[in-house]
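Report on one structure; see the data block that follows.
So you know, we letter chains A, B, ... as the sequences are listed, proteins then strands, and number each from 1.
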4 protein chains.
Amino acid sequence: MEIGFIGLGIMGRPMALNLRKAGHSLFVPERASLDAECRAAFTVVPDARAVARSGEVIILMVPDTPDVEAVLFGPSGVAEGLSPGKLVIDMSSISPTATKEFAAKVNALGCDYLDAPVSGGEVGAKNAALTIMVGGPQKAFDRARPLFEAMGRNITLVGEQNGAGQTCKVANQIIVALTIEAVAEALVFAAKAGADPAKVRQALMGGFASSRILEVHGERMITRGFAPGFRIALHQKDLNLALQAARELGVALPSTALAQQLFSACVAAGGGGLGPFRDGAGAGGDGGAEGGARTWGLTRVVPPRDAPLKL
Amino acid sequence: MEIGFIGLGIMGRPMALNLRKAGHSLFVPERASLDAECRAAFTVVPDARAVARSGEVIILMVPDTPDVEAVLFGPSGVAEGLSPGKLVIDMSSISPTATKEFAAKVNALGCDYLDAPVSGGEVGAKNAALTIMVGGPQKAFDRARPLFEAMGRNITLVGEQNGAGQTCKVANQIIVALTIEAVAEALVFAAKAGADPAKVRQALMGGFASSRILEVHGERMITRGFAPGFRIALHQKDLNLALQAARELGVALPSTALAQQLFSACVAAGGGGLGPFRDGAGAGGDGGAEGGARTWGLTRVVPPRDAPLKL
Amino acid sequence: MEIGFIGLGIMGRPMALNLRKAGHSLFVPERASLDAECRAAFTVVPDARAVARSGEVIILMVPDTPDVEAVLFGPSGVAEGLSPGKLVIDMSSISPTATKEFAAKVNALGCDYLDAPVSGGEVGAKNAALTIMVGGPQKAFDRARPLFEAMGRNITLVGEQNGAGQTCKVANQIIVALTIEAVAEALVFAAKAGADPAKVRQALMGGFASSRILEVHGERMITRGFAPGFRIALHQKDLNLALQAARELGVALPSTALAQQLFSACVAAGGGGLGPFRDGAGAGGDGGAEGGARTWGLTRVVPPRDAPLKL
Amino acid sequence: MEIGFIGLGIMGRPMALNLRKAGHSLFVPERASLDAECRAAFTVVPDARAVARSGEVIILMVPDTPDVEAVLFGPSGVAEGLSPGKLVIDMSSISPTATKEFAAKVNALGCDYLDAPVSGGEVGAKNAALTIMVGGPQKAFDRARPLFEAMGRNITLVGEQNGAGQTCKVANQIIVALTIEAVAEALVFAAKAGADPAKVRQALMGGFASSRILEVHGERMITRGFAPGFRIALHQKDLNLALQAARELGVALPSTALAQQLFSACVAAGGGGLGPFRDGAGAGGDGGAEGGARTWGLTRVVPPRDAPLKL
């Protein structure tokens, strides 16, 4: 299939390469930063408008709502290159509300629209193992399915209304943030109470407390593996989407709101731009006396400087 | 083995029967409420002192810290019947701090002590599938292991200090409460935003948001299966243990504290004595207009009476 | 002085009338909704551009950030009518960040800018008793002072940088919201514990717990005087300004975030569009059994239906 | 009047001296720590039993619930020295629930009981300016009034049931804690947003945000006057009374619970044993780069080390 692809970042690049590997032809916009591998694999065209003209399906993978808006409707943007019958798939994680507006505008040009945000991180993107949450018409979903299958594994049409995919992604981010906080509070508590957090984690896996987060992030908390896997700033952006939408909907999300503030505390304490946990500046040097709990996920409102965790 | 067993409640009864099934002899204190099956299976003796005299190992499974204290050190209690070399195993879920005191007193009588709280609920107790979290000396643990294996599956010596098992159980309860809240906030958000929570749950299983709670309790939230599985009052007791210990230790557990208050809101709204979710008075009649979100786990601070969830 | 005034709402109308009473000439844009008193008191001109041409000082009093932006920089807006030497005063409560941008644009046209939000409500506006919090150059503040004195009493130049007034207003709204919550939790607690909340309030006035909120809102909570004084939706908007700015600044405001969610819970329970406390649909009819606590300010996450407050 | 007085601590000592100054005779139990001024002013008797025998009214001012219990009902305690017609006044701040039990036991001996906790701190105690919140029979209150008037100013019979005074004190502590947090979040926000917190405080005094806490503690936050006025550990004890009682009553106090955790965070960060704000070890040395926000009241979950507050 002829595919336009916009957004060759940490996630987008391996996703596009996986589509190429599956035999599709990809068109991407010119960027000074395009590396040799990309220039060899994809056809480079001048701008987003040209991408939209070249592809039957146009896929977006950019950071935030304003980026999607600019790429779609800005000057020399996708909208200028669309013609009836094309399909736009936004795989970025953005506002469910704005998604409905963007879809309506694209539909008015005679094209279909799918919102299809992903989870699974860079590793999932590279291994074509992403979870893909889709909102939009069944027909468009069926048309896109082979593409999704080249990039991910757990693919769900959450609803036939645009925005359903983004809503699902927001729900995902709520659960992930709150579960990280849950595991962090539990392990910090256990460590401070004198138990070995590694033994505690092991005892809890398999019971009602078990989760992917306890498995993966719990392990990292214990081994102090604070190498960045995802930027806090992006997770904050996602929780912000949740809280803004909740305010509009009149839903109270007390724990989500608290987690957002704990993120801010973490950022303020110096863990902002990096991993889900901490600065990590100097992978091993995670910080003398106070390095302990502060670096554990969201929770760390308590820099236990005098009584570092026994790990 | 000759075993004294005190506490034949919802959990204790099937645990004791499983020990019997494994070939052990059990001694239990006289109670008017003892049913025919128990009278047939166990040897009934007058009181806790007699139980302690009869058994080589004495197992407790009672509701709360004061109950353990009364059974152990009250008049005609276990302590009066102990002699050097016996082993006391407290499988109740109680205070880690009090556990250390109880253990010290029992040790002073020349006996070993294990704290070995469980998780897994009534179903786990019946199926001999409990998770057992143990604190105490390795030697005592080895001696008790065959008994634990008759009652559970996932058996961990969390630490050789008494209290480590109880600390682990508290960590378990923190994670379970906060994950229920996480799933509830996410699914309420998704439903209010117009998505189908069942589809959302399905899309999230398998990704980073996946957990035993999303699987089991998420399902119940969606199908409105609010039949009680565990009493909120007991979960509140456990979170209270966490918060009291945290205060003594100088640890901040902000999300745990918030979850405790959301439990209280749930209790106040009429869901107190029953399931993890709701009143359930009249299984099907989960209450028209306002039945929606209030009944979902801890979260339900928002009785959305005018805008019931689309489920 | 020749003054342009835009925004004759609940607050703006009495403010403009007070300026007229002090002897100034006011120019206002044509609106179908202008009543006879306003038409008599003010000179009506076609639009915001004409207002800016007519006045030496142009005052804005509109609901939200986008409204200020539209009035200033939209088609036929204030910016089109400005000429060097004029002074723009925005008395709306809006984003501190956006304020800096608006000020820079107005400065580029050779004009001064003051942000001067108020507190004190409709009563304060009518009695020329508003608290006015100003950000901007000392010279512009001195020029505007006679106008401020015609509208308010407690007038402070918070800082010479634009945005300082708006920042101060946000701080005001944080304190007001959290103090309402403080008083509500304390009085609900006291009432549920069997004490008379009126006696409790009386005992606390004069001590360290005393505040304007305990005096005014505490009284209303006790007498159930839930007639609307301010719209929750506007207070939510203000807290949202706080939380958005805090996120940008990397400041954690945990209690503010929680209060915002309790507002949402209150809105969801049916108290949205009205008073600081509740729906009040039917002033006296504050709702049988559950009318008690739910209607008390932010707090009411607990509709104590079975045990109504003893008031 | 002949008065027994037990508890000559930071608060009790000046209170007792004020009673002496008003012409009453005081009997106190022997303590090695009694200083010359106390030995000169009061009659020293062997123990609490002797105190109860000597006084017509017996006043207690001790730290916590177990202390009151020990003094009243322990060996050689007050109860052993009581005879019908005497009046016991507990001015400590303790559990409302336990108070009811203690009162019932004292009543059974033919004596009246008043719970009469105070607020106002050491300064209020010295200046006979305490706020006194009383629970108990009107007749007993009338009898005690002259004593209260020798120690305080704002004296209220909150209810004729014992415990009402303690409940009121708990309400007081809820409001004080949450208002400190409110002021701290607002001033930290303002400072981080670039405004001068002193100007902000000044602008807010007199409006709806005004409170005794903004006046007194707001001033201290700005001048960094972190000399201890009250021990965090005692305020934590009081909030714990609130949260325990709330749990029993089924009331949700979400902001109080959060404040308690922020206290813990403050304690963990090294501000535990001292003032309402911070360690203060070295009055002026409030701690380099990070001294800023962390030391501000409860809030300080954000040690803004890289961007210290502009004060």
- State whether the number of non-hydrogen atoms from other residues, nucleotides or ligands found under 6.0 Å of A:Lys126 atom NZ is greater than 12. no
- Note on the structure: Counting heavy-atom pairs under 4.5 Å with chain B, the top scorer among A:Ala190, A:Gly165, A:Ser210 is A:Ser210
- Correct closest heavy-atom pair for B:Ser255 and A:Leu262 would be OG-CD1, 4.3 Å
- Item | Nearest non-hydrogen partners of A:Val200 and B:Ala171, listed with the distance | CG1-CB, 4.0 Å
- Query: Relative to chain B, which segment of A:Leu249 carries a heavy atom at a distance below 4.5 Å: side chain, backbone, both, or neither?
  - Reply: both
- Measure the shortest side-chain to side-chain distance between B:Lys199 and A:Cys168 over non-hydrogen atoms and say whether it is less than 4.5 angstrom. no
- Task: State, to 0.1 Å, how close A:Phe208 and B:Arg212 come at their nearest heavy-atom pair, and which atoms those are.
- Result: O-CB, 3.8 Å
- Under a 4.5 Å heavy-atom cut-off, does chain B meet the side chain of A:Val216, its backbone, both or neither? side chain
- Message: Against B:Leu204, only a single residue in A:Thr156, A:Thr131, A:Ile175, A:Val158 fulfils side-chain contact (heavy atoms from CB on, under 4.5 Å); can you say which?
- Response: A:Ile175
- In terms of heavy-atom pairs under 4.5 Å with chain A, the winner among B:Gly206, B:Gly163, B:Gly207 is B:Gly207
- Message: Taking side chain as everything from C-beta outward and backbone as N, CA, C, O, which of these in A:Asn154 sits under 4.5 Å from a heavy atom of chain B? Side chain, backbone, both or neither.
- Response: side chain
- Message: If we define contacts as heavy-atom pairs under 4.5 Å, which of B:Leu258, B:Val170, B:Leu157, B:Thr179 has the most with chain A?
- Response: B:Leu258
- Message: Restricting to non-hydrogen atoms, name the atom on A:Asn172 and the atom on B:Ala209 that form the minimum distance, rounded to 0.1 Å.
- Response: OD1-CB, 3.3 Å
- Between A:Phe189 and B:Ala245 the two heavy atoms that sit nearest each other are CE1-CB, 3.6 Å
- Considering all heavy atoms of both residues, which atom of A:Lys100 and which atom of B:Ala193 are nearest to each other, and what is their separation? NZ-O, 4.2 Å
- Task: Could you have a look at A:Ala242, A:Gly135, A:Gly159, A:Ala198 and say which one has the most heavy-atom pairs with chain B under 4.5 angstrom?
- Result: A:Ala242
- Is it the side chain or the backbone of A:Leu130 that comes within 4.5 Å of chain B heavy atoms, both, or neither? neither
- For chain B, which of A:Ala164, A:Ala203, A:Ser211 has the most heavy-atom pairs under 4.5 Å? A:Ala203
- Message: Only pairs of heavy atoms separated by less than 4.5 Å count here; which of A:Thr167, A:Thr97, A:Ile155 has the most with chain B?
- Response: A:Thr167
- Going by atom types alone, do A:Glu185 and B:Thr256 pair a side-chain donor with an acceptor below 3.5 Å? yes
- Item | Exceeds 12 heavy-atom contacts within 6.0 angstrom, atom CD of B:Glu160 | yes
